[in-house]
Amino acid sequence: MDTTLSFLATTPSLPAFQHAVLWALIVGIILAFVLGFGMGANDVANAFGTSVGSKVLSLRNAFILACIFETLGAVLVGYNVTDTMRKGVIDVAIYKDDPKALEVGQVAILGGCGAWLIIATIFKLPVSTTHSLVGATIGMSVLVKGFNGINWMQIVSIVSSWFISPLLSGTISAVIYLILDHAVLRRKDTFNCGLRALPIFYFFCIAFNAFAVSYQGSKILHLSSIPLWMAFAISIGAGSIIALLVHFVARPRLIKWVESSSDLETPTSEKTETNEKTDLSSIEVSVPSKSDESQPDTFMERLKYHLKRFFPARDRQEDEKTLKLFSSIQVFTACFAGFAHGANDVSNAIAPLTALLAIYMNMDVMQTAETPIYVLLYGVFAICVGLCILGHRVIKTVGQEMSEINPASGFTIEFGAAVTALLASKMGIPISTTHCLVGSVVMVGTIKSGKGIDWGIFRNIALSWAVTLPVSGLISAAIMFGLKFTL
C-alpha cells in the first residue's frame, strides 16, 4: 500500500507530463518525417528497382505507383508489424514507472534509424529499415535500463528472418523463373506459350494478394473478422475474374501492342534476316552431335547432363516479343511488391511515432490502442517524398548495376519477394524487404543471366547489412546519452 501511494505521489499528472515532454513529441514528429524520408529514398526504392532496371517502368511512373501501393499496403495489412516493432523488441513494462524515459527514448530511436538510412542512401547502399529500427531500439534501451527487458527471443526470431527471408524469397523466385523457362522461354513458339501462361500467372498474383488483404485483414477497416473460407472464396474468385479478363479482353490488345512495338523496332527485313542467320549459326554450334548424346555413360555424367539441360542456357537470346508480353505483368508485380513493402516496412517507420503519441496522450506505456490511420498516412507521405527526391540512387544499384534483368526475370524476382514479405506481414514478423529483393535478384541472376551477378556490389551490400544494426544502435545510444539531462 505504501509503495502504491509513493508511486502515485511521484507520478506526474497527465497535463504536467504532457507539458514536460511536449518538446519530445514535436522533435519526434519531425524525426519521424526524416526517418520516413530516408526509408523512401532507400528501402522503398528496392521494390521498384527491378522494374526500372528492366525498362518496364520509367522512374516517374515507378514513383507514382509506389506512392499508391505503399499506402494501400500500410493501411490494409501493416498493423501487425507495427505492434511487433512497438512492443516486441523490448518489454515496455519496465518503463511503467518511468514513461518519460520511454517517451524521450522514441526520439533517440527515430534519430538513430533516420540518420543511418540517410547515410546509406548517400552511398547508394540498400539497407534494411527493420535492421535499423531494431538496432536503434536496443541501443536506446541498453543505455537507459541496461540489458533488462530486452526480448532476446523476439530479437532472435527477427534476426533469423534476416537470413531466412533472402533464401526463401530467392528460392521462390528461382522456382517461378524455372517454371517460366520450361513452360515458355525455351519453347519454339515462345510468344503463344506466353499468351497461354499469362492468365495463370495473373491468377496466382491476384489470388495471393486478395487473400493477404482479406484474411485477418486490417482492424481499422473491419476486415479482421472475415473467416478463412470466405477469404479463400474471395481470393479464388478475384483471381479467376482477372485471369478470364486477361485471356478474353486483354489478350487481343496485348497482341496488337506487342506486334506494333516490334514493327517499330525492326523496320527493315535486313535486320530480321541478320538475326535469323545469327540464331541459326548459334543453334548449329549448340546442338550436340549423335556421338555427344551417347557419351554420358556414368551416373555422374548423366546427372551433369540433365542438370545442364534443366537450367536455362546462359547464351540464349530471349525472344523480344515474349519479353515485351511479360512487361505487362511485371508492372503488376511491381505494384504487388510495393504493396507488400507498405504492409511490412511502412509500419516500421511509424512504430516509434505511434508509441510517442500513445505515451504522450495517455501515459500509456503498454500502448494498448490501435495504430491511428492518420499516423500511417503521415508515414506514407514522408516515404513518398523521400522516394521521389532521392530514390533514384538505390534503384540504380538494385535494378541496373547488380545483375542483368529483363521483364521475365524481373517479374519472378518481384513476385517471390512480395510473397515472402506478405507472408511475414501476416505473421507479424518485421522482415527486411531489402533482403527479399536482393536475395531474389541474386538467385535468379545466378541461374539465368549470362553476365551473372556483380559480386563486388553484392559484397558491399552484405557488409552494409552487417553493420546496420550496431551502427544504428550506437547512433541511437549517443542521442539518448545527449538527452539524458531531460529525464
- Do Phe411 and Phe201 have ring centres separated by under 6.0 Å?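 Yes; Phe201 has its ring centre under 6.0 Å from that of Phe411.
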N/O donor-acceptor pair under 3.5 Å between [X] side chain and [Y] backbone:
X: Ser235; Y: Phe211; value: no
X: Ser472; Y: Leu469; value: yes
X: Lys324; Y: Leu254; value: no
X: Tyr177; Y: Met443; value: no

- Residue pairs fulfilling side chain to side chain donor-acceptor pair (under 3.5 Å) with at least one residue in residues 164-175, sequence neighbours excluded: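 Matches after skipping sequence neighbours: Ser169-Ser440, Ser173-Ser440.
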- What residue pairs, at least two apart or across chains, pass side chain to side chain donor-acceptor pair (under 3.5 Å) with a residue in residues 105-116?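 For residues 105-116, and leaving out neighbouring residues, the side chain to side chain donor-acceptor pair (under 3.5 Å) pairs sorted by first residue read Trp116-Thr468.
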- In terms of heavy-atom contacts, does OH of Tyr378 have more than 12 from other residues, nucleotides or ligands at under 6.0 Å?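 More than 12 within 6.0 Å, yes.
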- Message: Counting only heavy atoms from other residues, nucleotides and ligands, does the tally under 6.0 Å from NE2 of His19 exceed 12?
- Response: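 Not buried by this count: 12 neighbours or fewer within 6.0 Å.
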Within the structure provided, determine whether [X] and [Y] are in side-chain contact (heavy-atom separation under 4.5 Å).
X: Leu185; Y: Leu180; answer: yes
X: Lys145; Y: Ile90; answer: no
X: Ile200; Y: Phe204; answer: yes
X: Pro166; Y: Val438; answer: no
X: Phe203; Y: Val246; answer: no
X: Phe37; Y: Leu117; answer: no
X: Tyr202; Y: Leu245; answer: no
X: Leu25; Y: Val21; answer: no

Shortest non-hydrogen contact between [X] and [Y], atoms and distance:
X: Phe17; Y: Tyr360; result: CE2-CA, 4.2 Å
X: Met480; Y: Gly105; result: SD-CA, 3.7 Å
X: Val184; Y: Ala197; result: CG2-CB, 3.8 Å
X: Leu143; Y: Lys484; result: O-NZ, 3.8 Å
X: Pro352; Y: Leu133; result: CG-CD2, 3.6 Å

- Message: What verdict does the side chain to side chain contact (heavy atoms under 4.5 Å, CB included) test give for Tyr374 and Leu357, after you've listed the backbone C-alpha separation in whole Å, the side-chain angles of each residue and the deciding distance to 0.1 Å?
- Response: CA-CA 12 Å; Tyr374 63 84; Leu357 285 169; 4.3 Å; yes
- Query: Would Trp23 and Thr486 satisfy side chain to side chain contact (heavy atoms under 4.5 Å, CB included), going step by step from the backbone distance to the final call?
  - Reply: CA-CA 10 Å; Trp23 70 269; Thr486 65; 3.7 Å; yes
- Task: Just do the side chain to side chain contact (heavy atoms under 4.5 Å, CB included) check on Leu31 and Leu35 with the steps written out, would you?
- Result: CA-CA 6 Å; Leu31 289 177; Leu35 169 55; over 6 Å; no
- Message: Could you walk me through whether Val134 and Ile138 satisfy the side chain to side chain contact (heavy atoms under 4.5 Å, CB included) test, starting with their C-alpha distance in whole Å, then the side-chain angles of each, then the deciding distance to 0.1 Å, before giving a yes or no?
- Response: CA-CA 6 Å; Val134 172; Ile138 294 172; 3.9 Å; yes
- Task: With sequence neighbours excluded, tell me which residues meet side chain to side chain donor-acceptor pair (under 3.5 Å) with Thr322.
- Result: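 Here the qualifying residues are Thr190, Asp319.
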